Amino acid sequence: MDRSRPHARRPLAVLLTATAVAAAGVTALTPDARAADADLARNGGFETGLDGWNCPAGATVTSPVHSGASALKATPAGSDNARCAQTVTVKPDSAYTLSGYVRGAYVYLGASGTGTTDVSTWTQSAPDWQKLTTTFRTGPSTTRVTIYTHGWYGTGAYHADDITLAGPGGETGQPPAPPTGLTASGATSTSVTLSWSPAAGATSYAVYRDGARIRTVTGTSTTVTGLSPSTAYAFQVAALNDAGESARSATVTATTSAPDSGGGDSGLPEHALVGYLHASFANGSGYTRLADVPDSWDVIDLAFGEPTSVTSGDIRFERCPATECPGVESDAEFKAAIRAKQAAGKKVLISIGGQNGQVRLTTTAARDTFVSSVSRIIDEYGLDGLDIDFEGHSLSLDTGDTDFRNPKTPVIVNLISALKTLKAKYGDDFVLTMAPETFFVQLGHQFYGSGPWGGQDPRAGAYLPVIHALRDDLTLLHVQDYNSGPIMGLDGQYHSMGGADFHIAMTDMLLTGFPVAGDANHVFPPLRPDQVAIGMPATVNAGNGHVSPAEVVKTLNCLTRNTDCGSYRTHGTWPSLRGLMTWSINWDRFGGWEFQRTFDGYFG
């Protein structure tokens with residue numbers, strides 16, 4: 001997705017950074033904090049269990065303790081860092097000191113939502129109780145701050161005790177009354193939709209599943225995803241404001257349905273239309289304001305977030321200037337348009353990379369910077385998630401790295417770690433999509449990395465270990481079936497762009513699975529059909545490999561109905577195939593919305 005050439009496409013926890021220093025002693029309070037040095041942390045010694053804390057992976061223990069009778073013990077898992085947090089009412093534009101005692105490997109203490117610079121401190125190894133201390137200043141309108149502690153993925157249990165937040169207390173009124181009218185509906189095999197009546201004075205709502213708080217939302221409905229099929233769940237909600245949390249609502253129960261061929265639910269419609277929106281640059285397609293994107297588009301990928309340098313991991317999203325994009329909306333209008341799209345059920349993501357945005361996370365420091373910088377973009381614009389559009393030389397495999405199930409190459413391992421961290425940070429609702437080229441996916445059926453004897457292109461199939469490691473977290477994979485050379489399909493024949501045959505063969509590989517580098521002992525497992533969308537150019541201007549609406553319909557007929565398959569015979573039929581992706585919304589508008597109309601005409 002090149003800015004200059006209209007035919008080419010440009011299409012993630014606090015971390016271990018060299019600058020994070022664990023405090024060895026007590027940091028002196030600033031003058032502001034000394035003026036009102038009350039301890040604002042509730043139950044910081046865990047003497048009343050987990051009261052005041054949200055600790056899904058935590059429990060209180062009687063030994064070891066730093067003081068009193070109890071302490072926190074929390075155990076990270078491979079995909080969870082055992083975060084324990086509480087939200088505290090604070091005073092704007094004021095100084096605070098956060099302290100606590102910890103034990104264990106890789107233990108963190110921090111504060112988020114400060115309105116200025118979020119802070120954290122950590123220790124890599126604390127065989128006995130060690131004090132961590134950090135300070136921060138709240139922003140001019142900040143009234144609530146979240147303090148937390150957590151460990152690191154798969155590194156064993158950690159302990160925390162005597163957590164304090166010293167500084168002036170904020171003004172508190174009365175917590176709202178508990179919400180009423182909680183109902184559960186629309187249960188699928190992996191999701192349930194909840195709705196309730198608004199509570200007077202509430203600014204947000206906490207959602208509980210089986211007694212554990214799982215998310216906070218600002219509206220009066222939410223879809224809980226990531227559930228197990230054929231399982232009964234109990235739900236409650238509580239109302240929140242600056243004064244605290246209400247009692248919980250009455251409990252409603254819901255049972256998920258039996259599993260079906262569609263797999264998990266992502267909050268998307270049964271069939272979704274995905275498109276990239278040129279948000280940071282202009283080309284021959286012209287600028288399209290976000291508010292002007294038609295309702296047919298279910299996922300809108302903002303193109304692009306790009307790194308400050310190839311190996312920095314520091315991702316920036318710069319909106320297109322008015323000199324380059326006449327008619328561009330203001331930041332306020334852009335953010336309002338995002339909220340409006342979300343209110344209409346659409347997902348708005350930041351897409352990272354593209355043809356010009358090469359990203360190589362060669363070090364853990366770059367990985368950590370990637371997570372923090374991407375998080376800032378997501379938080380600033382209130383986005384639903386992230387699209388990974390690494391192209392060029394962003395991903396390649398080191399010589400000897402031959403097993404996609406156990407990658408060793410730093411740029412691969414660090415990207416997987418970063419994406420898992422972002423998924424863990426934002427939770428079930430975080431939308432994660434990927435848009436690799438066929439060279440990085442289906443070509444892996446023949447060639448993987450530099451090969452057992454070297455000499456091959458090390459980028460061949462390099463996305464496979466990333467997709468495989470994230471398959472349980474991946475919302476959508478939409479491979480770019482364009483700008484591609486001939487690729488061998490599961491029928492042993494080469495398939496080329498230009499018709500339905502190419503899309504059918506490439507998609508059949510994703511939904512059937514395939515041996516990697518021809519090795520029957522290394523089979524890339526199939527993805528769920530609800531995780532797969534087919535990537536196509538919107539117009540002949542948008543990329544090589546454009547096909548007519550008739551060929552798009554043939555592709556969908558073959559894959560979802562087993563008709564119009566031509567000479568290629570698929571290994572299944574997938575009516576729950578998620579949908580289509582295109583580069584781009586701008587080019588489709590330029591072409592009279594032909595791609596959108598084809599999708600709407602087929603799926604209704």
Side-chain angles (χ1 to χ4, degrees), residues 1-11 268-269 272-306 315-357 374 376-387 389 431 433 435 478 533 535-539 541-543 579-600:
M1 301 178 188
D2 191 349
R3 303 182 184 198
S4 60
R5 294 186 295 124
H7 64 277
R9 185 186 163 195
R10 299 172 5 121
L268 296 176
L273 181 59
V274 182
Y276 288 79
L277 184 69
H278 309 180
S280 63
F281 64 95
N283 61 15
S285 64
Y287 185 78
T288 300
R289 293 166 65 100
L290 179 56
D292 294 334
V293 175
D295 288 342
S296 294
W297 299 90
D298 301 296
V299 180
I300 302 169
D301 294 320
L302 304 177
F304 290 102
E306 297 181 347
I315 307 301
R316 306 295 175 89
F317 175 54
E318 303 291 342
R319 298 194 52 241
C320 191
T323 53
E324 184 179 346
C325 296
V328 64
E329 61 268 69
S330 67
D331 281 349
E333 291 171 327
F334 189 72
K335 292 176 180 178
I338 292 172
R339 293 192 294 272
K341 290 296 180 186
Q342 293 167 331
K346 314 304 179 184
K347 306 296 184 182
V348 185
L349 316 182
I350 180 65
S351 180
I352 306 297
Q355 186 175 24
N356 293 350
V374 170
R376 283 194 296 271
I377 296 170
I378 292 172
D379 293 343
E380 178 181 355
Y381 290 93
L383 302 176
D384 296 290
L386 173 68
D387 173 69
D389 193 1
V431 178
T433 67
H478 30 65
M536 303 177 174
T539 70
N541 308 93
L580 301 177
M581 175 275 281
T582 194
W583 177 259
S584 61
I585 294 172
N586 301 65
W587 279 117
D588 197 35
R589 181 182 183 182
F590 182 85
W593 301 114
E594 179 182 83
F595 194 87
Q596 173 194 302
R597 287 188 282 107
T598 301
F599 176 90
D600 289 343

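For this chain, numbers begin at 1 and follow the sequence in order. Values in this document were obtained by computation on a predicted structure and should not be read as measured data.
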Side chains of [X] and [Y]: does their closest heavy-atom pair fall under 4.5 Å?
X	Y	result
E306	E318	no
F595	W587	no
W593	D600	no

Minimal non-hydrogen separation, [X] against [Y], with atom names:
X	Y	result
F281	H278	O-CB, 3.6 Å
L383	V348	CB-O, 3.5 Å
I377	R316	CD1-C, 4.1 Å
A533	L580	CB-N, 4.0 Å
S351	D387	OG-OD2, 2.7 Å
T582	P537	OG1-C, 3.4 Å

Rounded to the nearest 0.5 Å, how far apart are [atom1] of [X] and [atom2] of [Y]?
X	Y	atom1	atom2	answer
F599	W297	CZ	CH2	9.0 Å
L290	K335	CG	NZ	13.0 Å
F317	I378	CZ	CD1	12.0 Å
D301	L386	CG	CG	9.5 Å
L277	D292	CG	CG	10.0 Å
E324	Y287	CD	OH	10.5 Å

Item to complete: From the options V274, I300, L273, select the one residue that forms a side-chain contact (heavy atoms from CB on, under 4.5 Å) with I585.
Response: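 For I585, the side-chain contact (heavy atoms from CB on, under 4.5 Å) check succeeds only for I300.
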Worksheet item: Backbone N or O of G286 within a donor-acceptor pair of the R589 side chain at under 3.5 Å?
Response: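 Judged by distance alone, no pair lies under 3.5 Å.
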Worksheet item: Under the 3.5 angstrom rule, does the side chain of R339 hit a backbone N or O of G382 as a donor-acceptor pair?
Response: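 No; zero donor-acceptor contacts below 3.5 Å.
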Worksheet entry | Verdict with supporting geometry, Q342 and D384, side-chain hydrogen bond (donor to acceptor under 3.5 Å, both in side chains) | CA-CA 8 Å; Q342 293 167 331; D384 296 290; 3.0 Å; yes
Discussion item. Using the rule given for side-chain contact (heavy atoms from CB on, under 4.5 Å), can you reason through T539 versus W583, listing the C-alpha separation, both sets of side-chain angles and the distance that settles it, and then say yes or no?
Written reply: CA-CA 9 Å; T539 70; W583 177 259; over 6 Å; no
